[in-house]
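As structure tokens, the structure follows; a few thoughts come after it.
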Amino acid sequence: MAAQTGLDVLRTRTIVDCDTMDEEVAKTLGPFQDCTSNQAIAFGELSKPEHKELVVTSISEAKNILSRFPGLSLEELAIEIAMVKLALRIAPHIRGHVHIQTNPYYSYSVEKTTVNALRIIQLFQYLQPGFEQSRICIKIPSTWEGMVACRTLEQAGVHTLATTLFTLTQAVLAAEVGCTYIAPYVNQLKVHFEPGFTDLDKLLPLCVAIQKYYESVNAKTQVLPASLTSTDEIFAMAGVHHITIAPNLLQQLSQPDSVPQIQSLFDSDTLAAGPSSPLSFIHDESAYRLAFTRDLHGASEEKLTQAINIFCDMQDELVQLVRSAA
């Protein structure tokens, strides 16, 4: 009988997802429920030499169908096709959703985000007719506009995840618009891009507070923490609805000697209580924006802006990758 691993223990408390577009990770370290991704993950995967042919064929297919999408650039369509292709390769190895993130340049446009999400759904059907729409989840940055788009999409039967989330305010709105998931970023996104930077204000307690709030208002939205940097952070989240974990941390958790004494924040009664009554922002954009911008004296808004900027930089890198392969 195989020795128990930290991943085994974690799975007794929480649903585990993989934060990658690498098919081998999903194959070898599973079983996973969902597979999450973003522009940075897509760029890392598509840059690998073994995916050069996938990029080239994605460009060719984009040329064939570009006329269906007026105003869209060839590069952007090729990127989306390539990301969907990677997701389709992973889909047989997971049980639940494959997640694709919309173009971060549309983070402040309801219309562009909605159109982008629906185009991604179309591309799944184009590339693999009959692929179940119920297995697709569209990741959208947690701006006001992004979450208004989520409302439209959820009403149309499209699963959404509100990503780059840093506040209870955003979480309240995400539940009100009916998002399937939220992804609170435990660490600022720049911890993965700026060597030596450490986030001294990790949002582990916020994840607990949001889940408790969701339970108190019977929200259907599930909490799926992201941007984790250590196994200690992961074990502190044991008991959360879902958790998405990067390949390097999955490897650590898969070692037989990785079984910890779990000290989960979900087992603690010492965390500050959340709101005593349900909050609502869905009919008051001004109140939402003020509550968000005032959170931590503006620091939370800065984290969101920074994350969107990083993802826009990664979208630019993807565009360059496609141009160099064309």
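- The list of salt bridge (charged side-chain N to carboxylate O under 4.0 Å, His left out) pairs with a residue in residues 64-87, not counting sequence neighbours, reads Glu61-Lys85, Glu75-Arg323, Glu76-Arg119, Glu80-Arg119.
- To the nearest 0.5 Å, the span separating OG on Ser107 from CG on Leu304 amounts to 7.5 Å.
- Sequence neighbours left out, not one pair with a member in residues 123-138 passes side-chain hydrogen bond (donor to acceptor under 3.5 Å, both in side chains).
- When side chains are defined from C-beta on, Asp316 does not count as touching Gln320, because their heavy atoms never get closer than 4.5 Å.
- Screening Ile120, Thr57, Ile65 for a side chain to side chain contact (heavy atoms under 4.5 Å, CB included) with Ile81, the sole residue that qualifies is Ile65.
- Legend: side-chain hydrogen bond (donor to acceptor under 3.5 Å, both in side chains) pairs involving residues 168-182, not counting sequence neighbours, sorted by first then second residue: Asp34-Tyr181, His97-Tyr181, Glu154-Thr180, His159-Thr180, Thr167-Gln170, Glu176-Ser280.
- Ile182 is connected to Ile100 through a chain of hydrophobic side-chain contacts under 4.5 Å among Ile, Leu, Val, Met, Phe, Trp and Tyr, so both are in one cluster.
- The ring pair (Phe, Tyr, Trp, His ring centres under 6.0 Å) pairs that include a residue from residues 182-227 are Phe166-Tyr185, where partners are two or more places apart or lie in different chains.
- Residue pairs meeting the salt bridge (charged side-chain N to carboxylate O under 4.0 Å, His left out) criterion with at least one partner in residues 228-250, sequence neighbours excluded, are Lys202-Glu233.
- Proximity of Ile245 to Val16: side-chain heavy atoms (C-beta onward) are separated by under 4.5 Å at one or more points.
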task = For side-chain hydrogen bond (donor to acceptor under 3.5 Å, both in side chains), just list the numbers for Glu301 and Thr293, CA-CA rounded to whole Å, side-chain angles, deciding distance to a tenth of an Å, and then say yes or no.
result = CA-CA 6 Å; Glu301 185 172 37; Thr293 202; 2.4 Å; yes
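- Residues forming a salt bridge (charged side-chain N to carboxylate O under 4.0 Å, His left out) with Glu285 (at least two apart in sequence, or on another chain): Arg289.
- Every residue two or more places apart in sequence or in another chain that forms a ring-ring contact (aromatic ring centres under 6.0 Å, His included) with Tyr288 is listed here: Trp144, Phe281.
- Between His99 and Cys35 the shortest side-chain heavy-atom distance does not fall below 4.5 Å.
- Look at Asp22 and Lys48 and you find a salt bridge, because one of the NZ, NE, NH1 or NH2 atoms lies within 4.0 Å of a carboxylate O, short of that distance.
- Under the salt bridge (charged side-chain N to carboxylate O under 4.0 Å, His left out) criterion, Lys139 pairs with no residue, sequence neighbours left out.
- Considering only residues two or more places apart in sequence or on other chains, Phe124 meets the ring-ring contact (aromatic ring centres under 6.0 Å, His included) condition with Phe131.
- In plain terms, the two heavy atoms of Val110 and Ala149 that are nearest each other are O-CB, 3.8 Å.
- A salt bridge is absent between Glu215 and Lys212: the closest approach of a Lys/Arg side-chain nitrogen to an acidic carboxylate oxygen does not fall below 4.0 angstrom.
- Under the ring pair (Phe, Tyr, Trp, His ring centres under 6.0 Å) criterion, no residue pair touches residues 13-54, with sequence neighbours excluded.
- In this structure, a donor-acceptor pair under 3.5 Å is absent between the side chains of Thr113 and Asn116.
- Looking at residues two or more places apart in sequence or on another chain, you find no side-chain contact (heavy atoms from CB on, under 4.5 Å) involving Ser277.
- In terms of the salt bridge (charged side-chain N to carboxylate O under 4.0 Å, His left out) criterion, Asp295 has no residue partners (sequence neighbours excluded).
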